Amino acid sequence: MSRIGVFVCHCGENISRTVDVEQVASAAGEIPGVAYACDYKYMCSDPGQNLLKKAVAEHKLDGVVVAACSPRMHEKTFRKAASAAGLNPYLCDMANIREHCSWVHEDKKLATAKASDIVKLMVERVKKGKSLAPITVPVTKRALVIGGGIAGIQAALDIADAGHQVVLVEREPSIGGHMAQLSETFPTLDCSQCIMTPKMVDVANHPNITLHTYSEIEKVEGYIGNFQVTLKHKARSVDESKCTGCGICMTKCPKKKIPNEFDQGHGLRTAIYVPFPQAVPNTPVIDRENCTMFQSGKCGVCAKVCGPGAVDYQQEDRFSVEAVGAVVVATGFKLYSIDRKPEGSPIQGYGEFGYGAIPDVIDGMTFERLASASGPTGGKILRPSDGKEPKQVVFIQCVGSRAREKGISYCSKVCCMYTAKHTMLYHHKVHDGQAYVFFMDARTPGKGYDEFWRRAVEEEEAVYIRGMVSRLYQKGEKIVVMGSDIQVGVQVEIEADLVVLATAVQAQDGADLLAQKLGISYDKYNFYSEAHAKLKPVECATAGIYLAGACQGPKDIPDTVSQASAAAAKVMTLFSKDQLERDPVVAKVNEKYCVGCLACKKVCPYGAVEEKEIRDRQGNLVKVVAYVNPGVCGGCGTCQATCPSKSVELDGYTDEQIMAMIESL
Amino acid sequence: MTPGKKRLNYSYYPGCSLHASGREYDISTRALFKALNVGLKEVPDWFCCGATPAHNVDELLSLSLCAKNLSLAEQVEGDLAVACAACFSRLKTTQHHLKEDEEKRKQVETAIAGPAALDKPVKHILEILAREFGLSKLEESVKKPLMGLKVASYYGCLLTRPPEVPELDDCEDPSIMEDILRALGAEPVKWSHRMECCGANFTLSRPGVVLKLSNAILESARLAGADCIMVACPLCHGNLDIRQKEIKDAYGAPDSTLFGNIFGSELQQGAPKDQRDLPVFYITQLAALAMGVPSGNLGFESVITDPKPLLREKQLL
Ligand SMILES: Cc1cc2nc3c(=O)[nH]c(=O)nc-3n(C[C@H](O)[C@H](O)[C@H](O)COP(=O)(O)OP(=O)(O)OC[C@H]3O[C@@H](n4cnc5c(N)ncnc54)[C@H](O)[C@@H]3O)c2cc1C
Ligand code: SF4
Ligand code: SF4
């Protein structure tokens with residue numbers, strides 16, 4: 001007869017509010033094989049854990065069930081306590097009576113009955129459980145960082161400085177991300193380029209960092225400590241090992257009128273180009289869509305003028321496989337576009353603002369480029385349509401953000417602050433100009449942030465109008481802004497020369513596809529999900545993958561950098577061990593019964609099943625069976641449910657255990 | 001009609017305005033459908049949809065009025081054609097609302113002692129013309145193209161809003177009226193106030209509001225070089241047509257501004273005003289005219305801003 005102990009937790013009132021915990025404990029005491037049962041206010045607390053340890057010793061328990069929250073929350077905690085008391089940790093299980101019961105029910109009587117049933121199930125499972133030992137796997141001390149914005153740069157530098165190898169992958173021709181585009185940065189107005197470019201150069205020069213730009217993630221296999229990542233290196237048409245970065249190709253390329261994406265389409269570039277002069281690496285790419293050589297087979301000027309012969313029109317996409325132990329995802333954000341919504345997109349555009357068709361209605365990033373000394377206007381605020389200096393500029397906040405009807409309900413967090421910054425930059429550059437801001441609220445939590453905003457209002461003469469804008473339309477050279485001032489209670493109309501929209505921060509295009517490759521979760525807006533909103537803000541639920549920056553949600557630079565360093569610290573913690581312990585909940589094949597149909601191989605989502613040949617002593621093939629690689633097995637149990645001969649089972653979830661659980665009800 | 005194709009047939013809910021101040025809309029709708037050989041059968045015993053007042057006062061009443069009308073419409077074959085923008089909006093809103101709110105639906109069905117016809121398709125005249133009859137067929141059927149007529153098509157508030165209800169066209173930047181105008185041979189102008197409010201029901205309680213808002217619409221139509229305005233709503237028609245003279249008296253002076261303009265923009269200041277009369281047409285009047293329906297049958301005599309001088313000038317009479 002087993003001697004199981006059952007510990008029912010109140011979770012403060014989280015459980016006891018809807019479940020009669022005392023009754024659950026006393027019912028548990030009646031289950032055959034239960035030697036001890038009690039309830040306690042906080043089982044996870046120190047006294048709670050001690051209670052468990054003491055009971056194991058006093059009542060000679062050979063298994064433990066803690067009826068409390070989700071195992072994702074505290075399984076580790078209680079297994080550690082059980083182990084300290086001398087039990088095999090895998091003979092300690094949790095009955096989830098919070099997420100699966102008290103939180104989702106209202107009727108106390110029914111909830112109590114259900115909680116008792118859940119406890120009964122887990123008791124049966126532990127009764128039939130076996131002692132297991134954790135599996136150890138080696139750790140590859142090499143990290144992959146995806147995305148070379150400030151988040152990826154910071155994480156890569158930190159990990160590399162700690163002495164580990166880093167592979168940094170950026171999909172654009174240069175690293176830098178959005179921060180490289182900014183003019184000056186809140187809350188101190190220091191020049192973005194000046195603080196960013198040294199870090200970019202550090203990345204390029206760091207002996208521990210291998211940089212792959214113009215590259216993407218093709219495939220991810222493996223698990224924590226042992227990932228195999230296939231990279232796709234898009235054809236640059238320029239051999240990086242030969243190019244000296246002299247730039248003569250760019251001066252000679254006859255295709256000179258291509259809108260430069262880095263300047264939000266307002267500056268011009270050539271077909272062979274680097275996005276901006278400080279790009280890292282300083283190796284150009286050929287934009288094949290706009291290159292005459294690729295489009296009509298004529299030209300070839302850049303190859304002719306290139307001294308070291310680096311231009312290579314024949315170059316093809318290349319693939320490489322990198323072995324890494326940890327991954328930091330730092331793919332950043334994109335800005336919401338007010339254009340007509342693409343077919344099938346959940347996001348509505350802004351027809352009332354002309355769907356992006358009014359030339360002097362621009363977004364905040366375009367304003368950054370206009371204000372930037374290295375931008376298309378050399379830092380002068382000149383409007384796109386006719387290059388005139390605008391004297392009345394209207395800024396509109398929350399465009400697309402906090403707008404459920406447009407498909408986005410969250411706050412983009414950075415636009416209140418950068419709009420205040422924009423009004424200041426404008427005031428510094430156009431002394432006789434007037435800035436107006438339409439806003440819902442000014443959200444300025446952050447060190448020195450409210451002071452910064454007050455400065456825009458009180459010293460830099462920005463007129464803040466609390467209210468929304470209903471329509472923008474072109475009238476002659478002006479843009480009429482129709483809005484309301486809800487504080488004064490009047491409708492307002494302003495004839496503006498330039499309108500700047502603080503559009504929402506959205507997840508990157510393809511963020512969902514990357515997440516599927518990595519096996520990490522994302523929310524309905526495609527921002528990546530952290531494992532716990534408060535206590536695990538940089539970890540993904542998938543072990544060994546960490547998050548940094550705006551790919552997780554809108555973030556400013558200070559928050560991005562903090563999170564990037566935190567992610568790097570997590571990677572270093574992982575790399576501080578040579579071996580990793582993994583839960584032994586993996587599938588095992590009973591070779592005696594396995595008929596070698598390999599149905600399990602077809603269904604295994606982790607690709608953990610291999611073929612194994614069984615030979616006799618003479619070396620003759622006896623039969624082929626399935627073999628599960630314990631390092632790769634994710635413990636999902638799909639094979640177990642599929643196997644027609646019942647010869648594969650998960651440790652900890654054997655058929656015997658599951659049948660006992662079902663029969664107990 | 002293309003031979004061999006089935007004739008289109010609709011049930012028809014005119015609504016109160018079309019039997020009263022908006023008679024021309026009803027007359028011209030019937031004339032147009034006849035000219036296009038599309039069937040139109042009035043729903044027997046229909047009554048008021050409750051319009052704006054009902055849903056302001058009593059939601060259940062408003063929903064029940066529409067639900068009852070919809071169930072009456074079920075008795076007539078064919079999708080329900082509606083011309084008035086407000087009736088259209090109320091009927092569609094009722095269906096939308098009751099589909100989402102099971103409890104409300106039960107209350108309403110008790111009130112009207114029968115099922116609410118939530119699946120009876122409700123179609124606005126605009127979508128019938130542009131999508132069901134079809135733009136190309138419409139173009140083929142034109143006998144007298146509206147050549148040289150510059151039209152400001154005015155949508156107002158209700159035809160496309162709120163976005164989840166009418167499903168007629170893009171909520172803030174629609175083009176269905178312009179598409180129809182092009183098919184009729186007219187020239188739609190690009191202008192700013194297609195979607196702004198005319199003041200609607202405030203015409204009775206606070207006419208000052210209507211004068212101000214409708215003035216902004218008329219002024220921007222003139223600014224865009226329009227000869228006339230086209231509407232699909234009897235209330236918009238009333239505000240823009242009947243009040244046009246009053247608006248000129250109130251806002252015709254050269255130094256007036258459109259809105260309470262507290263930030264000193266220089267809108268309209270000092271400029272001499274364009275004071276042209278702008279006739280206001282229903283979509284069906286213009287379409288029927290293009291189909292060759294004699295102008296005497298389209299109710300042109302019962303509007304205030306006389307359209308005949310313009311039509312004569314464009315040789316459309
Ligand atoms: C108009 C504007 C003004 C701002 N001003 C300020 C300011 O003054 N102060 C401040 O603190 N913050 C400001 N911010 C916020 C700041 O831009 C962000 O905090 C910061 O850029 C976030 O950095 P990131 O590295 O997370 O993302 P990003 O800068 O977006 O970088 C992500 C990088 O990942 C790459 N990438 C994306 N997908 C992939 C993929 N699948 N594979 C490989 N690489 C990929 C991208 O190409 C990019 O290089 C502003 C934002 C805006 C929009
Ligand atoms: S080959 Fe293409 S990239 Fe090179 S110079 Fe000609 S157009 Fe420019
Ligand atoms: S940060 Fe400010 S402007 Fe941006 S969405 Fe939030 S409240 Fe609106």
Side-chain angles (χ1 to χ4, degrees), chain A residues 338-343 346-358 391-394 399 403-407 434-438 461-465 467 469-497 499, chain B residues 152 154-157 159-178 189-199 202 206 208-210 212-213 215-217 219-225 256-271 274:
Chain A
I338 66 161
D339 293 359
R340 198 180 288 274
K341 79 163 185 172
E343 209 57 56
I347 308 292
Q348 295 273 350
Y350 271 77
E352 57 272 47
F353 292 177
Y355 280 132
I358 309 175
K391 299 295 180 196
Q392 301 238 63
V393 180
V394 171
V399 175
R404 259 173 302 171
E405 70 288 359
K406 300 284 184 192
Q434 179 62 58
Y436 303 97
V437 182
F438 282 91
E461 292 167 24
V463 173
Y464 270 72
I465 304 163
V469 171
S470 64
R471 186 160 298 273
L472 299 175
Y473 64 89
Q474 185 89 49
K475 183 167 166 235
E477 287 192 356
K478 301 274 184 181
I479 299 149
V480 180
V481 181
M482 298 170 80
S484 59
D485 181 332
I486 60 166
Q487 268 164 337
V488 187
V490 293
Q491 283 170 311
V492 188
E493 221 175 84
I494 299 175
E495 295 209 331
D497 301 309
V499 176
Chain B
Y154 176 67
Y155 291 81
C157 306
L159 276 174
T160 60
R161 296 189 190 107
E164 64 278 10
V165 175
E167 296 167 312
L168 184 68
D169 201 347
D170 187 293
C171 160
E172 294 296 341
D173 188 23
S175 63
I176 192 166
M177 283 191 170
E178 283 82 353
V189 300
K190 241 183 114 164
W191 67 306
S192 54
H193 278 57
R194 304 187 301 158
M195 312 300 301
E196 298 311 307
C197 179
C198 66
F202 282 119
R206 292 183 60 191
V209 170
V210 170
K212 194 159 149 185
L213 296 179
N215 173 56
I217 293 164
E219 278 193 358
S220 57
R222 287 191 194 104
L223 198 71
S256 69
T257 54
L258 295 184
F259 279 95
N261 193 344
I262 61 169
F263 293 110
S265 72
E266 291 152 28
L267 211 65
Q268 301 290 320
Q269 266 166 12
D274 177 355

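Computed from a predicted model, the values in this text were never measured in an experiment.
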- request: Kindly compute the distance separating CD (Q491(A)) from NZ (K212(B)), expressed to the nearest 0.5 Å.
  value: 6.5 Å
- prompt: How long is the gap from SG on C171(B) to CD on E352(A), to the nearest 0.5 Å?
  reply: 7.0 Å
- prompt: When rounded to the nearest 0.5 angstrom, what is the spacing between CE in M195(B) and OG in S470(A)?
  reply: 11.5 Å
- line: Interatomic distance, NE2@H193(B) vs OH@Y473(A), rounded to 0.5 Å, equals 4.0 Å
- prompt: Of the backbone (N, CA, C, O) and the side chain (C-beta and beyond), which part of E196(B) lies under 4.5 Å from a heavy atom of chain A, both, or neither?
  reply: side chain
query: In Å and rounded to the nearest 0.5 Å, what is the CZ to CD distance from R161(B) to E405(A)?
result: 12.0 Å
query: For K391(A), does the NZ atom sit with more than 12 other heavy atoms under 6.0 Å from it, leaving out its own atoms?
result: yes
